[in-house]
Amino acid sequence: MKNEFLSKITFDNLQPAMVDEPDESTTYVGFCLKDCNGFSDPKWLIKRIQKNGTEQSIFFANGSLAYNQRW
């Protein structure tokens, strides 16, 4: 599955490089730096959107807005 998504990476930190919806209430949105070399490179900013009815909550990996995560 990850290899399939790897081909879709745009390496443009202004637009999401990855979007994953593991279930209908959870969405992960990943942004990566232009020099990112793939999923294991710690150059990702990852946002989780959690839906509960009509409410949405947004969380960032480790509570950080830094590009220092791995997908």
Side-chain angles (χ1 to χ4, degrees):
M1 181 166 120
K2 286 189 176 182
N3 288 337
E4 177 183 324
F5 287 139
L6 187 58
S7 65
K8 297 179 183 179
I9 290 179
T10 63
F11 298 106
D12 179 359
N13 63 347
L14 299 177
Q15 297 293 322
M18 287 293 302
V19 176
D20 187 14
E21 296 176 313
D23 58 56
E24 53 188 55
S25 64
T26 308
T27 303
Y28 291 97
V29 182
F31 302 85
C32 62
L33 296 175
K34 290 185 180 190
D35 64 343
C36 180
N37 290 315
F39 293 114
S40 63
D41 202 350
K43 296 182 179 181
W44 288 82
L45 171 79
I46 301 172
K47 174 170 63 171
R48 184 181 82 209
I49 303 167
Q50 196 70 44
K51 299 173 193 167
N52 185 7
T54 60
E55 294 183 20
Q56 291 185 352
S57 299
I58 297 175
F59 304 92
F60 291 90
N62 290 332
S64 173
L65 292 174
Y67 285 81
N68 61 1
Q69 302 296 309
R70 290 180 173 85
W71 183 261

> What distance do C32 atom SG and R70 atom CZ have between them, rounded to the nearest 0.5 Å?
Replying inline: 14.0 Å

> Which residue pairs pass the salt bridge (charged side-chain N to carboxylate O under 4.0 Å, His left out) test when at least one of the two sits in residues 37-48, sequence neighbours left out?
Replying inline: D35-K43

>> Using 30° and 60° as the class boundaries, would you call the ring planes of F39 and W44 parallel, tilted or perpendicular?
In response: parallel

> Does CG belonging to N52 count more than 12 external heavy atoms closer than 6.0 Å?
Replying inline: no

Do any side-chain atoms of residues 55-66 form donor-acceptor pairs under 3.5 angstrom with protein atoms, and if so which ones, sequence neighbours left out?
unit_1	atom_1	unit_2	atom_2	d
N62	ND2	Q69	OE1	3.4
S64	OG	A66	N	3.0

> For P16 and F31, which heavy atoms make the closest approach, and how far apart are they?
Replying inline: N-CE2, 3.5 Å

>> Could you report the tightest heavy-atom contact between W71 and V29, atom names first, then the distance?
In response: CZ3-C, 4.1 Å

